[in-house]
Amino acid sequence: MADLDQVKPLDTSPDIEEEIQSGGEKVYVAPPWKLMWWRYRKHKMALISTVVLILFYFVALFCEFVAPYDPDQAANQFKQVPPTAIHIRDTEGNFHMPFVYQHKRVQDPQTLQITYTEEPSPRYPIEFFVHGFQYKLLGLWQTDIHLFGIPQGKDQQGLFLLGTDRLGRDMFARVSYGARLSLTLGLVGVFLSLAIGVVLGGISGYYGGRWDIVIQRVIEFIRTIPQIPLWMTLSAALPATLSVEETYFGITVILSLVAWTWMARVVRGRFLAMREEDFVLAARLNGSSEMRIILRHMLPSFLSYIIAALTLNIPNMILAETGLSFIGLGLRPPAISWGVLLQEAMNLRSLALSPWVLAPGFAVVISVLAFNFVGDGLRDAADPYAR
Amino acid sequence: MLAYIVRRILIMIPTLFLISVISFALIQLPPGDYLTSYVAQLRSMGDNIQQEAIDAMRDRYGLGQPVYVQYFKWIEGIVTRGDWGQSMEWQKPVSELIWERMGLTVVLAVFSLLVSWLIAIPVGVYSATHQYSMPDYAMSILSFVGVGVPAFLWALIIMYFAQTQLGMNVGGLFSQQYLEAPWTWDRVVDLLKHIWIPGLIVAIENTAGEIRTTRANLLDEINKPYVELARAKGLTENRLIWKYPVRVAMNPFFSTVGWSLANRISSITLMSVVLSLQTTGPMQLRALLSQDMYLAGSFLVLLSTLTVVGTLISDILLAWVDPRIRMEA
Amino acid sequence: MDNTLLEVKNLKTYFFLDEGTARAVDGVDFEIKRGQTLGIVGESGCGKSVTARSVLRIVPKPGRIVEGEITLHRLVAKQDGSKMTDLIRLTEVDPMGSLMRGLRGSEMALVPQEPMASLSPVHTIGDQIGEAIRLHQKVSKAEARAKTIQMLELVGFPRPKQRVDAYPYQLSGGLRQRAVIAMALSCHPSLLIADEPTTALDVTTEAQILKLMRSLQQELGMAIMYITHNLGVVAQMTERVIVMYMGKVVEEANVDTIFHNPLHPYTSALLRSIPRLGMKARERQRLASIRGTVPDPYAIPKGCSFHPRCDKKIRGVCDQQEPTYIEVEPGHKARCVLYKQ
């Protein structure tokens with residue numbers, strides 16, 4: 001190695017530089033987040049799903065504004081009304097801005113069965129930013145402006161996008177309100193399980209050895225007990241006297257008690273892979289403290305994996321909450337969540353007469369699918385250097 | 001191989017012990033003494049129960065004594081007499097109530113497992129060998145739908161259509177006349193007539209994930225040199241795919257039988273509540289709501305045991321198909 | 001008598017990817033005589049392996065032979081016992097059809113790069129070798145097994161009767177490669193395609209395997225297409241050599257000529273990069289790698305594809321016109337503007 005200085009430096013003739021210039025210069029200098037975005041952008045379903053999720057969370061945040069009616073207000077004359085048809089053409093064939101007709105209640109004299117038909121006049125135009133029930137926007141500003149609706153006149157008239165339930169409550173308003181509990185519960189639950197998962201999975205993967213064995217055994221053990229029966233048993237232990245907020249918090253904790261194992265696996269796997277990486281060894285040789293190695297070097301490089309895993313686990317949480325509330329062991333009325341709303345569908349008669357009570361179920365499916373697609377896109381994008 | 005199996009069974013014992021402890025602790029969580037409410041319930045129904053009988057029961061289950069004493073009395077009953085305790089609500093020994101329901105749950109779980117394997121493996125193999133073809137895309141979209149729609153929602157949708165379009169009630173696992181009947185051949189036939197709908201519903205929910213697993217595992221294997229060498233040997237494409245990479249790609253499948261079983265039990269539990277099937281789900285739900293603790297606890301223990309046994313079977317299966325694991329053992 | 005075994009003319013195999021078309025093999029010509037060993041030399045990614053897979057018609061997707069001819073001269077026994085050659089145009093048969101499958105493994109056999117990964121981990125070697133025998137010969141299971149043991153013995157397997165039921169993970173790398181060779185030879189191919197068969201092995205094992213292959217070649221009289229990036233192995237194993245660069249053959253000659261009188265600047269550069277015993281200190285400093293790297297396969301340089309790395313390039317010529325492949329002296333071809341016919 002004595003004549004190391006005599007070794008010719010790598011010749012970079014103008015020709016080679018030319019090659020590099022032409023051959024995808026953009027790729028070589030782009031920061032990781034940009035590469036991730038480029039890869040994510042390629043996943044069309046993930047992009048569409050991102051928009052859907054933003055929409056859903058907007059509804060969850062501003063459900064009072066989005067809902068045209070108070071979700072708890074029962075209207076006797078509008079029980080089990082099917083979704084209101086929106087027209088742009090009247091009976092004479094003239095075009096108008098979107099409008100609705102009045103629901104007309106018809107009772108069959110023999111069976112006493114009630115059905116609804118449309119009264120072909122007058123027309124009720126749909127308007128935006130109409131006045132409705134009073135609420136506090138974001139809990140701060142008192143207002144009665146709603147996103148859409150039909151202006152309230154003397155006669156009672158309804159615009160029920162998703163129909164009404166047995167008590168005559170607007171399903172659209174209820175599904176919007178349900179989004180707030182169902183969608184946030186998934187989010188809160190996943191962060192709670194992330195907190196536990198990062199600590200335990202991190203210890204397991206970073207230190208290995210005895211800790212790893214113990215934690216892995218615990219994870220295996222928890223996974224042995226079928227989730228739903230376990231969650232059912234745990235939720236049944238929550239006293240029925242709890243307030244809505246307390247139950248919400250209790251259910252979140254119960255779900256996280258199992259869900260942390262999913263996160264811990266991901267974190268452990270990444271730690272194990274990373275422990276062997278050269279840049280971690282380099283940092284250690286430079287005398288960095290363990291904490292600094294973890295926070296400065298390892299965490300940023302697997303943050304994207306964690307975000308992907310988080311996204312993929314939110315739907316599990318949403319499904320679990322829905323399932324538990326649906327069978328009466330999760331959130332309980334008067335709380336409004338998609339699972340609670342689905343209880344209405346459990347009654348076969350009610351389901352047969354008003355299938356639109358399944359609407360909250362479809363809200364669940366759409367959000368679960370959207371989270372899955374986004375998670376899939378993120379997972380692909382998580383490793384921007386992989387080809 | 002035998003030594004391996006014996007060792008695996010011995011490892012199960014502490015797990016089962018832990019499961020029973022946790023289950024017992026969980027059903028102890030709600031406040032209240034169930035015997036007191038039991039007695040109150042009996043008296044309210046005009047049944048004049050003797051103080052001696054109450055004391056005998058108190059003694060038998062160790063009620064009023066520390067929790068660990070109660071636990072050991074319960075376990076002692078299970079291990080020595082097969083006595084899982086008394087159901088307060090049904091006023092029957094738990095052991096009389098659970099076995100048929102456990103059996104039907106197992107049948108349903110295994111049935112759906114077989115159905116989804118039968119679908120998932122060929123479809124997954126086709127998807128992987130025809131990557132980026134139209135059927136492959138169609139399959140991915142369908143499997144996403146499968147992942148997104150939970151079994152209980154399928155149950156609701158199917159129930160709605162069966163009711164309104166066919167005028168048929170798809171609930172239950174037996175016709176009316178066989179509901180309480182003893183097991184006969186006719187009852188088995190009747191069961192088979194009813195079980196396929198719920199079986200398929202559970203299969204739909206889980207098949208999707210399994211197709212994706214098969215496809216991903218096979219894609220990992222399909223470009224490996226041993227597949228190319230098999231091709232260079234002159235094998236037909238079908239034969240070489242099924243003999244080599246599919247065999248290797250199936251390993252992770254076998255190794256997760258335990259967890260798939262646990263997942264299926266979860267799906268079955270919720271779906272059974274919707275369709276009021278005679279499985280563990282609805283009865284466990286009722287037991288939990290009425291704080292019928294021995295019944296609820298027994299279900300939790302048995303369902304978990306099912307997963308443990310499933311894992312045992314999968315480990316043995318894996319050791320059988322993969323020589324590398326057999327040797328390690 | 002027709003002495004030719006395989007002819008490859010203007011072979012072009014491209015890979016159609018999202019990023020563009022990769023011209024892995026871009027106009028390759030060569031010929032292999034019966035019993036001859038042809039070495040194919042070049043850096044990683046020059047198209048050696050894809051050439052081999054094109055001959056076997058197992059180019060992986062999204063690759064495809066887009067142009068050219070591959071002709072196999074097969075010897076067939078006639079009724080009266082004499083032999084005649086049957087020409088098969090491999091580029092025109094269905095790659096997964098029965099004719100091609102019948103040739104693969106029996107007329108042409110592959111010894112791949114990684115013995116570790118080239119055997120199925122969950123089947124015994126006896127199963128995998130016996131399968132090849134049963135596929136091409138009408139024999140019973142027991143006969144195939146006996147034949148397998150015989151083949152294992154031939155490639156120097158210790159205790160073949162016991163080892164026939166071994167799984168690959170129970171064998172060392174050298175033994176696995178011997179098993180793969182036994183499989184390749186089990187149907188007496190006339191052409192053995194060895195794709196860097198010793199790269200993954202240690203030096204001692206490599207020497208053993210090379211020795212084995214040479215002695216088996218003499219015994220069985222087959223031709224070998226030997227693909228490698230190791231010039232030492234070329235000198236040891238081959239009679240004729242072609243040098244490939246970016247999907248093209250840049251030089252072809254007998255092995256002695258290649259080493260003593262290389263024509264193409266790329267061949268010379270390759271030769272300069274081998275360390276030799278007894279090199280003087282002054283020379284050792286000059287043991288430099290070829291400057292630069294192989295260009296991106298999607299952006300092949302204009303003109304001669306080697307010009308950005310070439311010492312002797314002529315500005316205005318090499319970066320403009322593509323040189324033609326010419327016979328500079330009898331039996332010695334090169335693709336470079338420096339030479340005229």
Side-chain angles (χ1 to χ4, degrees), chain A residues 45 49 217-218 220-240 258 312 315-316 318-320 322-324 326-329 338-339 342 344-355 357-358 360-362 364-373 376, chain B residues 15-16 18-19 22-23 26-31 140-141 144-145 147-153 156-157 159-161 163-164 169 171 258-259 261-270 273-274 280-282 284-285 287-291 296-297 299-308 310-311:
Chain A
M45 286 311 285
S49 300
R217 277 292 125 89
V218 171
E220 264 168 43
F221 177 74
I222 292 178
R223 288 219 180 165
T224 303
I225 308 176
Q227 280 170 27
I228 291 288
L230 176 61
W231 276 329
M232 280 164 67
T233 312
L234 285 167
S235 334
L238 288 180
V258 173
L312 287 169
N316 291 340
I318 295 178
L319 284 175
T322 309
L324 286 178
F326 172 62
I327 59 171
L329 281 178
W338 290 339
L342 270 180
E344 185 93 1
M346 188 84 97
N347 180 323
L348 190 52
R349 231 184 85 79
S350 162
L351 178 64
L353 280 177
S354 48
V357 294
L358 282 179
F362 288 97
V364 172
V365 172
I366 293 169
S367 53
V368 166
L369 278 180
F371 270 115
N372 267 315
F373 282 125
D376 233 40
Chain B
T15 313
L16 291 178
L18 213 59
I19 285 173
I22 301 264
S23 303
L26 290 184
I27 50 175
Q28 287 283 5
L29 281 178
S140 323
I141 289 175
F144 268 115
V145 174
V147 170
V149 187
F152 72 88
L153 197 57
L156 283 175
I157 295 168
M159 207 161 74
Y160 167 73
F161 279 106
Q163 178 75 24
T164 56
N169 187 355
W259 289 344
L261 225 66
N263 281 339
R264 267 155 230 273
I265 290 168
S266 288
S267 311
I268 292 172
T269 303
L270 286 179
V273 173
V274 176
T280 54
Q284 192 196 3
L285 176 61
L288 284 170
L289 288 174
S290 60
Q291 297 199 2
F299 276 132
L300 195 57
V301 170
L302 283 170
L303 292 175
S304 310
T305 307
L306 214 58
T307 320
V308 174
T311 312

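Below, chains carry the letters A, B, ... as their sequence lines are ordered, and counting in each starts from 1.
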Q) When only pairs under 4.5 Å are counted, which of B:V308, B:L285, B:V301 shares the most heavy-atom pairs with chain A? A) B:L285
Q | Side-chain heavy-atom pair A:L230, B:L26 within 4.5 angstrom cut-off | A | yes
Q) Does the side chain of A:L329 reach to within under 4.5 Å of the side chain of B:L289, using non-hydrogen atoms? A) yes
(Q) Quick check for you: to the nearest 0.5 Å, what is the distance between A:D376 atom CG and B:S140 atom OG? (A) 9.5 Å
Q) What are the two closest heavy atoms between A:M346 and B:V274, and how far apart are they? A) SD-CA, 4.2 Å
Q. Non-hydrogen atoms of chain A under 4.5 Å away: do they reach the side chain of B:L153, the backbone, both or neither?
A. side chain
**Q.** Verdict with supporting geometry, B:F299 and A:T233, side chain to side chain contact (heavy atoms under 4.5 Å, CB included)
**A.** CA-CA 10 Å; B:F299 276 132; A:T233 312; over 6 Å; no
(Q) Does any backbone or side-chain atom of A:F371 lie under 4.5 Å from a heavy atom of chain B? Answer side chain, backbone, both or neither. (A) neither
Q. Between A:L319 and B:P150, which heavy-atom pair has the shortest distance, and what is it?
A. CD2-CG, 3.6 Å
Q. Is the closest side-chain heavy-atom distance between A:L342 and B:L156 below 4.5 Å?
A. yes
Q.
With chain B as the partner, which of A:L324, A:V368, A:I225, A:I327 has the greatest number of non-hydrogen pairs under 4.5 Å?
A. A:I327
Q. When rounded to the nearest 0.5 angstrom, what distance separates CG in B:N263 from CZ in A:R223?
A. 9.0 Å
Q: Return the option, out of A:A345, A:S235, A:P355, with the maximum number of heavy-atom pairs under 4.5 Å with chain B.
A: A:P355
Q. How many angstroms lie between atom CZ of A:F221 and atom OG1 of B:T15, to the nearest 0.5 angstrom?
A. 7.5 Å
(Q) Taking side-chain contact (heavy atoms from CB on, under 4.5 Å) as the definition, give me every residue that meets it alongside A:P229, ordered by chain and number, with sequence neighbours left out. (A) A:P226, B:I265, B:S266, B:T269, B:Q284, B:L300, B:L303
Q: Let me know if B:F152 has heavy atoms under 4.5 Å from chain A in its side chain, its backbone, both or neither.
A: side chain
Q | Main-chain N/O of A:T224 paired to B:T307 side chain as donor or acceptor, under 3.5 Å | A | yes
Q. For B:I22, is it the side chain, the backbone, both or neither that has a heavy atom under 4.5 Å from a heavy atom of chain A?
A. side chain
Q: Name the region of B:L306, side chain, backbone, both or neither, that has any atom closer than 4.5 Å to a heavy atom of chain A.
A: neither
